[in-house]
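Encoded as structure tokens, the structure appears first; notes follow it.
Since the model is a prediction, treat every value here as computed from it, not as a measurement. This chain uses plain numbering: 1 for the first residue, then up along the sequence.
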Amino acid sequence: MSTPIAQLPKEHARLLDGGRAPMTITGADLAAGFFVGVAWHDLRFVNCDFAGEGHLRLDAMSGCRFIDCRFVAPSHDFGVMSDVRFVRCRSFGHAVFGGRDGSTGVVFEQCIFSGGDAAPHAREGIGSTGETTFANCTGSGAVLVAGTRLVIEGCRFDHTSFVIGRQRSRGVPLAAAVVIENTQGTGVWRMTDARMRSCHIRNSRFERIVDDGSECEA
């Protein structure tokens, strides 16, 4: 059972001060915290819960690790991310969390995504509008996001939507390099206004891919 963040004063202060001293936060419920306009550096969250909407809007996140954490229908903005890993984490419902343009080294490893809505209109989800990697993950009904680079390695996804790059109609255009290897897709994989500069698929199988007005640059 997780502990409310309000009962962890030391960790709460560290989450607000933008410091760089490494710290591990274990078994905390972050739902009650309000973190806006701060940066998180070198934090390690283990077995923590993240839920709710709008109370986590960071400027930046670097060197952080999320291990065995749960994301329950959250809507969180982690700012510009660098060297951030999610390991064996789980998401439930329509989950929106990740980084902004310029994010690098955002990796999801052995995560499970139990989505609530993979509809084509959904353009926000899990990942970043920078570089995003999904390695050995599984999931169904999720929306996964990458802006400039998307790597999918050893994954199994069912009925999943992908927001790749960004069309000019949605702001500053982005085009992603896409690499998919050793992956299986069942149900419908939906590319939502995807914009790619290259796409390489190796040793992978898909049941059905639907292209919603995507572009691939030469």
Side-chain angles (χ1 to χ4, degrees), residues 1-5 8 11 15 23-33 35 40 43-58 61 63-79 81 83-99 103 105-119 122-146 150-164 180 182-190 192:
M1 183 174 181
S2 57
T3 301
I5 191 66
L8 301 172
E11 285 81 351
L15 294 175
M23 173 176 277
T24 297
I25 300 167
T26 302
D29 183 352
L30 277 293
F35 311 101
W40 284 359
L43 294 171
R44 181 182 173 97
F45 297 91
V46 180
N47 193 30
C48 292
D49 289 334
F50 295 81
E53 182 175 351
H55 66 274
L56 215 166
R57 298 194 301 274
L58 307 179
M61 175 185 290
C64 292
R65 301 292 182 265
F66 297 81
I67 301 171
D68 297 315
C69 292
R70 292 163 295 278
F71 295 83
V72 183
S75 180
H76 300 319
D77 179 355
F78 289 159
M81 303 171 74
D83 184 26
V84 176
R85 300 182 77 92
F86 300 81
V87 181
R88 298 188 305 276
C89 293
R90 300 195 65 163
S91 73
F92 304 89
H94 187 110
V96 177
F97 63 96
S103 294
V106 180
V107 177
F108 296 82
E109 183 177 356
Q110 300 180 56
C111 294
I112 300 174
F113 309 118
S114 301
D117 181 8
R123 293 188 173 90
E124 293 183 317
I126 301 167
S128 79
T129 51
E131 301 174 359
T132 312
T133 295
F134 298 95
N136 301 309
C137 295
T138 61
S140 178
V143 179
L144 306 181
V145 179
L150 171 65
V151 176
I152 302 175
E153 167 65 36
C155 295
R156 297 171 62 92
F157 292 136
D158 177 64
H159 289 291
T160 301
S161 286
F162 297 87
V163 179
I164 304 172
I180 302 174
N182 305 312
T183 289
Q184 293 187 26
T186 57
V188 176
W189 274 32
R190 194 177 298 278
T192 306

Review point. Any side-chain heavy-atom pair from Phe97 and Phe66 closer than 4.5 angstrom?
Key: no
Review point. Got a sec, which residues hit side chain to side chain contact (heavy atoms under 4.5 Å, CB included) with Thr183, two or more places apart in sequence or on another chain?
Key: Ile152, Cys155, Ile180, Trp189, Ser204
Review point. Do Val84 and Phe78 touch side chain to side chain, with heavy atoms closer than 4.5 Å?
Key: no
Check your understanding: Looking at residues at least two apart in the chain, or sitting in another chain, which of them share a side chain to side chain contact (heavy atoms under 4.5 Å, CB included) with Asn136?
Key -> Gln110
Revision key, fill the gap. Rounding to 0.5 Å, atoms CD1 (Ile126) and CZ (Phe113) come to a distance of 5.0 Å
Practice item. Can you sort out the partners of Thr186 under side-chain hydrogen bond (donor to acceptor under 3.5 Å, both in side chains), two or more places apart, ordered by chain and number? Key: Asp158
Review point. With side chains defined as the heavy atoms from C-beta onward, is the minimum distance between Val143 and Val163 less than 4.5 Å?
Key: yes
Review point. What residues form a side chain to side chain contact (heavy atoms under 4.5 Å, CB included) with His55, not counting sequence neighbours?
Key: Phe34, His76
Practice item. Carefully, step by step, assess Val72 and Asp49 under the rule side-chain contact (heavy atoms from CB on, under 4.5 Å). Key: CA-CA 8 Å; Val72 183; Asp49 289 334; 5.7 Å; no
Review point. For the atom pair CE (Met81) and CG (Leu58), what is the distance rounded to the nearest 0.5 Å?
Key: 9.0 Å
Check your understanding: Between atom SG of Cys48 and atom CD of Glu11, what is the distance when rounded to the nearest 0.5 Å?
Key -> 9.0 Å
Exercise for review: For the pair Phe108 and Phe134, name the ring-plane relationship: parallel under 30°, tilted 30 to 60°, perpendicular over 60°.
Suggested key: parallel
Review point. Which atom names give the shortest non-hydrogen contact between Ala51 and Pro74, and what distance separates them?
Key: CA-CB, 4.4 Å
Practice item. Under the side-chain hydrogen bond (donor to acceptor under 3.5 Å, both in side chains) rule, collect the residues that match up with Arg44, sequence neighbours excluded. Key: none
Exercise for review: Please report the closest heavy-atom contact between His94 and Glu124, naming both atoms and the distance.
Suggested key: NE2-O, 3.7 Å
Revision key, fill the gap. Output for pair (Leu15 CG, Ile25 CD1), nearest 0.5 Å, gives 4.0 Å
Practice item. Looking only at non-hydrogen atoms, find the nearest pair between Leu8 and Ala28 and report the distance. Key: CD1-CB, 3.5 Å
Review point. Distance from Ser75 atom OG to Arg57 atom CZ, nearest 0.5 Å?
Key: 9.0 Å
Practice item. Check whether any side-chain heavy atom of Thr160 lies under 4.5 Å from a side-chain heavy atom of Leu144, and answer yes or no. Key: yes
Check your understanding: Where the side chain of Thr133 meets the backbone of Val107, is there a donor-acceptor pair that is under 3.5 Å apart?
Key -> no
Point to revise | Partners meeting salt bridge (Lys or Arg N to Asp or Glu O under 4.0 Å) with Asp29 (sequence neighbours left out) | key: none
Check your understanding: Can you name the side-chain hydrogen bond (donor to acceptor under 3.5 Å, both in side chains) partners of Thr129, sequence neighbours left out?
Key -> Asp101
Could you list the donor-acceptor pairs under 3.5 angstrom formed between side-chain atoms of residues 85-92 and any protein atom two or more places apart in sequence or on another chain?
unit_1, atom_1, unit_2, atom_2, d
Arg85, NH2, Glu109, OE1, 2.9
Arg88, NE, Asp68, OD1, 3.0
Arg88, NH2, Asp68, OD2, 3.2

Check your understanding: Looking only at heavy atoms, which two atoms of Asp77 and Gly79 are closest? And how far apart?
Key -> OD1-N, 2.9 Å
Practice item. Identify, with sequence neighbours excluded, every residue that meets side chain to side chain contact (heavy atoms under 4.5 Å, CB included) alongside Arg156. Key: Thr138, Gln184
Point to revise | Set of residues satisfying side-chain hydrogen bond (donor to acceptor under 3.5 Å, both in side chains) with respect to Glu153, sequence neighbours excluded | key: Asn182
